[in-house]
There are 2 protein chains.
Amino acid sequence: MPTYPMPLVRIEIALQTIVDGELVTLMVRREQAPYRDRWALPGGVIRVDQDRDLDAGAQRIALERLGITPPYLTQFCAVGSAGREPRAPHDWGLSVVYRALAPAGTIAPVAGKRVAGLRWVQADNPLPASHTAFDHALIVASAVAATRQQTAALEFPRGLIPERFTLGALQRLCEEVLGTPLDKSSFRRKLRDRKLVESIEGAQQRGEAHRPSAIYRLSSGGSIGTTPQDRLETGFA
Amino acid sequence: MPTYPMPLVRIEIALQTIVDGELVTLMVRREQAPYRDRWALPGGVIRVDQDRDLDAGAQRIALERLGITPPYLTQFCAVGSAGREPRAPHDWGLSVVYRALAPAGTIAPVAGKRVAGLRWVQADNPLPASHTAFDHALIVASAVAATRQQTAALEFPRGLIPERFTLGALQRLCEEVLGTPLDKSSFRRKLRDRKLVESIEGAQQRGEAHRPSAIYRLSSGGSIGTTPQDRLETGFA
DNA sequence: ACAAAAGTGTTCGTCTTACACCCATGC
DNA sequence: GCATGGGTGTAAGACGAACACTTTTGT
């Protein structure tokens, strides 16, 4: 059989976290054409000699470009067409987009290889299409919508949530992601009914100017994802 | 910059429809190694000289392999790793999986290029892993779960539903997809409340041995998808 | 008349929402 | 004491499941 020219395969990463009480996504300024000096998702080319699979490639690229190993990395979508990769045959590029989530303040990406600058972009104040590269503005908006939808359904996007937390902190986090206030009583009842969290024996948050709070963690069984990738990984649901 | 060897990029299609009142997925018998003679999703290699984008490639491959142009084709997930493509450098293959849906009886795929045989696989009676290729058994199960979840939420997977239908037929269709009976009154109330369907003026289904029924179509606004691809296409939700 | 499916209403229980209220702590 | 957030209870209402019922056709 003949061998056909292949697309250039890239991985892009939409890293989301909370900064100043708001959901933000990391974008980087491109150092090279196309779209030089415009803002894009951090990403890189897959290396078949280094990456065992797509997930491993995403981890490598996060490390190379941002100097971090995100705790939670999940495949989001793939976009591919002619006209997005001048280095490839027929200008044909394929990007597999990953979504990465990290708890507020736990992650400090630094500009790595071929990255001219970093910037947290607020979910509700996106960059105009004229300052962004490819269709990345659209992808960011879509990734934000996904994170909010998960949060609203209390399918916690694991990575965003610290190991140990108080219920108040968890509620604040959700409110920050969603950008809307939640009812305390309802929030807690849902957590209880669906057994999403479990209290850590004896642990207490003291020292604040108010009643001490119990410390919780996500319960192991809780919040099974419903994306194709989740289903594949868990052996379908 | 150096040019790296690229993965072999393929598109696979999970074509689903209703056969004999059951949700089924099409699989094909492989003519070539690897996994020769085992069952896999129909698919093919992307052609950067022919396919404008991934969607166009999926359409071309459906036509070449199955002789059909599915009315509804939506990206599902991407899987890629070393060890799944002997023809590629480092045995590295990347498959973008599409889900295609067609109303019962509207589609008659035929074995096309490099396809040794076709087979409808029932959702609740899947082929054992020992007879399937790659991770395609897992992907099929995952695609079935996605279709059922959409149906249960009355986010109709457009392609499965004919242009015009009676409410009874629509309910039967949902029951066949889900494999469980539904309550007529509840079903209709939901359709009404959420304005998912609209009746076609004056049209009636006559000639059956019972009361004639009104004819409906999906309302234009109804049932916005929530997959990343849906959001990208509609300019985010 | 009868079967068969269309189409509607009604009841009952569950889940959600919104709000009010007590509790424990640091200052 | 009092401000602050933790933690709980409750009444009103929305929603969904289950079931009974009437209507209209062809045979």
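Each chain gets a letter, A, B and so on, in the order the sequences are listed, and its residues count up from 1. Remember, predicted model here, so these are calculated numbers, not experimental data.
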For B/Trp39, is there any backbone N or O sitting under 3.5 Å from a side-chain donor or acceptor partner on B/Arg30?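 Side chain of B/Arg30 to backbone of B/Trp39, a donor-acceptor pair under 3.5 Å: no, none is there.
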
Is A/Lys190 near enough to C/dC15 that one of its side-chain N or O atoms lies under 4.0 angstrom from OP1 or OP2? no

Salt bridge check: are B/Arg172 and B/Glu176 linked by an N-O gap of less than 4.0 Å?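 Salt bridge absent between B/Arg172 and B/Glu176.
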
In whole Å, I'd like the distance from the [atom1] atom of [X] to the [atom2] atom of [N].
{"X": "A/Arg194", "N": "C/dT14", "atom1": "CZ", "atom2": "P", "answer": "17 Å"}
{"X": "B/Leu191", "N": "C/dA6", "atom1": "CG", "atom2": "C1'", "answer": "14 Å"}
{"X": "B/Gln205", "N": "D/dT24", "atom1": "CD", "atom2": "C1'", "answer": "14 Å"}

Hey, what do you get for OG (B/Ser186) to CD (B/Gln171), rounding to the nearest 0.5 Å?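 Reported value, rounded in 0.5 Å steps: 9.0 Å.
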
Scoring nucleotides 5-10 of chain D by protein non-hydrogen atoms under 4.0 Å (B base, S sugar-phosphate only, - none) yields BBBBB-

Taken in chain and number order and not counting sequence neighbours, the residues that satisfy salt bridge (charged side-chain N to carboxylate O under 4.0 Å, His left out) with A/Glu208 are none

Geometric class of the A/Phe156/A/Phe187 ring pair [parallel <30°, tilted 30-60°, perpendicular >60°]: perpendicular

Please classify the nucleic acid contact of A/Glu208 as base, sugar-phosphate, or nothing, using heavy-atom distances under 4.0 Å. sugar-phosphate

Per the salt bridge (Lys or Arg N to Asp or Glu O under 4.0 Å) rule, which among B/Arg164, B/Arg192, B/Arg217 passes with B/Glu198? B/Arg217

